[in-house]
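Data first, discussion second: the structure below is written as structure tokens.
Just so we're on the same page: letters track the sequence lines, and every chain starts at 1.
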Amino acid sequence: MGSFFLTTAIDYVNSRPHLGTAYEKISADVIARYHRLKGDRTWFLMGNDEHSQNVYKRALEQGKDPLAYCDEMEQVFRDVWGRLDISFDDFIRTTDRRRHFPAVQQMAQACLDRGDIYEGTYEGHYCVGCEEFKPEKDLIDGLCPVHKTRPEWICERNWFFRLSRYQQALLDLYRQQPSFIEPEMRRNEILRFVEGGLDDLSMSRAGQSWGIPLPFDPKSVVYVWFDALINYAAAVGYGWDDAQFREWWPASLHIVGKDITRFHCVIWPAMLMSAGLPLPGQIFGHGWVFFKGERMSKSLGNMVDPLDAARRFGPDPLRLYLTKEVPYGGDGDFTWERFEEKYNADLANNLGNLVNRIAAMTERYRGGRLPAPASGPLTHLAAETTAAYRQAMDRLALHDGVAAAYRLVSGANEFIAETQPWALAKDESQDARLTQVLAEASEAVRIAAVLLSPVMPTASHEIARRMGDSASASWRLDAAASWRTSGDRTVTNSGALWPRLEDKGAIHVSETPAPTPATPSPAAPAPEPVPATAPATAPATAMVEAASAVIPIDDFMKVHLKVARVLEAERVPKSKKLVRLQLDAGEATPRQILAGIAESYEPEALIGRSIVIVANLAPRMMMGMESNGMVLAASPDGGGAIVLDAEPAAPGTRVR
RNA sequence: GCCGGAGUAGCUCAGCCGGUUAGAGCGAGCGUCUCAUAAGCGCUAGGUCGGCGGUUCGAGUCCGCCCUCCGGCACCA
């Protein structure tokens, strides 16, 4: 027994929760409930990440005040979490002025005092022609390799976090505490990443209002990633309630998506070291749950959300599916077909029917009353499966834990088949035997319910009630999962818990083979931090989304699009994606462009085609070759590029 | 291209330090009981353990090469 502080990633509020985010919360909730069951003092934190420019823009697009928009989204999230039975103890928002603001400001100040935050500059060789900073290594004799001109030395003011200082300390941490990062595969990735050296990170943004002002530079706000991570400490008192903070910090476990393990395994511990705070016990990077394509609903044209499973059947079947069918740490897949299959097999046929047959027989043969059972074969099985369950749950092998509980359920069904209580009931000399059989089976099922309670809280409590245990609210694993050899019980027969789903495909419309499964991405500090050494490499996602803002036509006209015919095309050696194209763009000489389309096109197949290019893009060096422009191509999520076709327009034709 | 992980019955996966006829769950087929939600229980499923070669008395389990898939990095703005 001890104290257990568990967190999940805080979520971006620019879209509703989906299966992916739900999966993360459900798995974390199972862990939280398991620890409460063990008797640990448990604190389960969730929250929303709101200081992102995307959120700000989304709000303005909808004509809303950003904060009001976030308030609305909080309700949307809380509503979904409520329907999934997520038992969080606390919910924090990064716009929380009472808790989060002071925490972020205190941590920024602490890092500054430690000498780890410095007013830096994007110092670098800036090539005006390229409009970007050039790393020292790319310069040839101090000149830009593209323009053969001397780049300017430019300084752009900004605040930086001295991440580079923590490389060795982090490596020591990973070595001394191997379980700091799980699963192992993630640890290897992080290890190699850190071994490769760390760059300092820009941690402020100037000239923005949506964010938390730096205490030592109120004109700048804290950059989102720095801001977001601090929520874990902020929630329990950092910066505003020292006593509470000391009580709960450090976190025992951060549950995060595998895409943001780096923030949590590298940057976050470095920040904490800098601020002089203890480090969390473990960071677990879970996998994705994909949603095999659902056909559009005919009437609405909407995707049938897997979360509807919770709406229609209650949260338990979905929770069981996600916990039992997906090995925790790996990726999984949700399909309605499989969901239906598992629902019938695990719930209707196996567990639900078991509860029903025991209750029905007890009612019929014993009027619902049973004494405590003596030890029997199921006693041993219960002890065995409980031990396996604990062992699995303690190492976060949630799927193995559920499997152990289900071995007990199956064992009870086998036991009934062997002992044949209906036959015993016909023989008066077997009276005592029948009583023992029914009591033994009901006790085994009661214990199975205890083990399953973190996964299926509602159903488990109902099963326990039917098996005569109404004290499920105060269960403690040790006592609750022990075989009870004293005390009578009243067994209640209340009908089917999970009616069988009869018609195949009844619960969903129809399924199509989906070439591009929806990729859930539990949000968190998403925009890549800007490495100080290469400021021109801006956060990719942020930039792409920022581009969705409306622009005047004049801006568009600045982009010079035209038709070009492919003269030559060949793979760039040693590159996975690049194709080198020689193009006739109606110009005096052929133009060379490098395009990242090698994964979807054989170079030869492009020769002779008329395509669309951006003609006035600044030249750029890639893989040691110059690229003069860009090939326009559609790039579907998860799919290969589709180059735009301009047949039969002549080379040089303007495209608008 | 570099680094890491994976490729085992229709599906999802287990197989630790190499050793008798390679396992589980689901699905499917057959049989059977009748308390139960046409549920339960039992039996069956004959899978080149990705491919080739090697080490060994013996390899799914170790080594090398190759193929495919998935991650991370580089590169694609």
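- The pair A:R395-A:D400 meets the salt-bridge criterion, since a charged nitrogen lies less than 4.0 angstrom from a carboxylate oxygen.
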Review item, nucleotides 8-16 of chain B N/O atoms under 3.5 Å of protein N/O:
none

task = Treat a base pair as Watson-Crick or G-U wobble with both distances under 3.5 Å, then lay out RNA chain B in dot-bracket form, 5' to 3', with | for cross-strand pairs.
result = (((((((..((((.....[...)))).(((((.......))))).....(((((..]....))))))))))))....

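- Counting non-hydrogen atoms under 4.0 angstrom, A:I190 reaches nothing in the nucleic acid.
- A:R357 and A:N413 share a donor-acceptor pair across their side chains, judged by distance under 3.5 Å alone.
- The gap from the C1' atom of B:C41 to that of B:A36 amounts to 13 Å, rounded to the nearest Å.
- Checked against B:C3, B:C75, B:G42, the side chain of A:R192 finds its nearest nucleotide in B:C3.
- When the C1' atom is compared between B:C66 and B:U20, the two are found 33 Å apart, to the nearest whole Å.
- Distances shorter than 4.0 Å separate some side-chain N or O of A:R364 from OP1 or OP2 on B:A36.
- Here the side chain of A:M185 is nearest to one of B:G5, B:C35, B:G72, namely B:G5.
- Rounded to whole angstrom, the span from the CG atom of A:N350 across to the C1' atom of B:A38 amounts to 16 Å.
- Of all the residues in residues 416-437 of chain A, A:A417, A:W422 reach under 4.0 Å from RNA chain B with at least one non-hydrogen atom.
- When each of A:N344 and A:W498 is assigned the nucleotide of RNA chain B with its nearest heavy atom, A:N344 is the one assigned upstream, toward the 5' end.
- Among the protein residues, A:A348 comes within range of the nucleic acid bases, having at least one heavy atom under 4.0 Å from a base atom.
- A:R591 and A:Q582 are not linked by any side-chain donor-acceptor pair at a separation below 3.5 angstrom, with hydrogens and angles left out of the test.
- Distance A:D333 CG to B:C70 P: 14 Å, rounded to the nearest Å.
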Derivation and outcome, side chain to side chain contact (heavy atoms under 4.5 Å, CB included), residues A:E443 and A:E440 = CA-CA 5 Å; A:E443 175 63 2; A:E440 189 171 341; 5.9 Å; no

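- Annotation: of the two residues near RNA chain B, A:N349 and A:K342, the 5′-most nearest-nucleotide partner is A:K342.
- Phosphate proximity of B:C73 to A:R262: present, with a side-chain N or O under 4.0 Å from OP1 or OP2.
- Atom CZ of A:R580 and atom P of B:C76 are 16 Å apart (whole Å).
- For B:U44 and B:U61, the P atoms lie 27 Å apart once the distance is rounded to whole Å.
- Nucleotides B:G58 and B:G54, compared at atom P, are 12 Å apart to the nearest Å.
- Across all strands shown, A:N356 has heavy atoms under 4.0 Å from base atoms, whether or not it also approaches the sugar-phosphate.
- A:Y174 does not carry A:R187 over the face of its six-membered ring by the limits of under 6.0 Å from the centre and within 45° of the normal.
- One can find a donor-acceptor pair under 3.5 Å joining the base of B:A36 and the side-chain atoms of A:N353.
- In this structure, A:I593 places its CD1 atom 13 Å from C1' of B:A77, rounding to the nearest Å.
- A gap of 15 Å separates the P atoms of B:G46 and B:C30, to the nearest Å.
- In this structure, A:F339 and A:Y343 have tilted ring planes: the angle between them lies in the 30° to 60° band.
- Taking the six-membered ring where the residue is Trp, A:Y328 and A:F284 present parallel rings, their angle staying beneath 30° rather than reaching 60°.
- B:G64 sits 36 Å from B:A45 when the C1' atoms are compared, rounded to a whole Å.
- Here the separation of B:G19 from B:A9, taken at their C1' atoms, is 23 Å to the nearest Å.
- Between the CD1 atom of A:I181 and the C1' atom of B:G4 there is a distance of 14 Å, given to the nearest Å.
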request  = Report the C-alpha separation of A:D645 and A:R609 in whole Å, then their side-chain angles, then the decisive distance to 0.1 Å, and conclude whether the salt bridge (Lys or Arg N to Asp or Glu O under 4.0 Å) test is met.
outcome  = CA-CA 8 Å; A:D645 199 16; A:R609 279 190 57 175; 3.7 Å; yes

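- Rounded to whole angstrom, the span from the CG atom of A:N493 across to the C1' atom of B:A36 amounts to 9 Å.
- Distance check: A:S27 OG to A:L322 CG gives 9.0 Å after rounding to the nearest 0.5 Å.
- Using a 4.0 Å heavy-atom cutoff across all strands shown, A:F193 reaches no nucleic acid atom at all.
- For A:E184, the CD atom counts as loosely surrounded, since its 6.0 Å shell holds 12 or fewer non-hydrogen atoms of other residues, nucleotides or ligands.
- B:U68 and B:G31 have their C1' atoms separated by 42 Å, given to the nearest Å.
- Neither side chain, A:R466 nor A:N493, offers a donor N or O lying under 3.5 Å from an acceptor on the other.
- For A:R357 and B:C35, the CZ to P distance is 11 Å, given to the nearest whole Å.
- Distances shown here put a side-chain N or O of A:R500 below 4.0 Å from the OP1 or OP2 atom of B:A39.
- Residue A:A345 is classed as a sugar-phosphate contact, given heavy-atom separations below 4.0 Å to backbone atoms only.
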task = May I have the step-by-step check of side chain to side chain contact (heavy atoms under 4.5 Å, CB included) for A:K342 and A:L320, ending in yes or no?
result = CA-CA 9 Å; A:K342 301 312 292 179; A:L320 181 71; over 6 Å; no

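- Remark: P of B:A74 and CD of A:E189 are 12 Å apart, rounded to the nearest angstrom.
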query = Stepwise, does the side chain to side chain contact (heavy atoms under 4.5 Å, CB included) test hold for A:R446 with A:R489?
reply = CA-CA 11 Å; A:R446 189 193 64 78; A:R489 67 182 68 204; 4.2 Å; yes

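- A salt bridge links A:R366 to A:D431: one of the charged nitrogens lies within less than 4.0 Å of a carboxylate oxygen.
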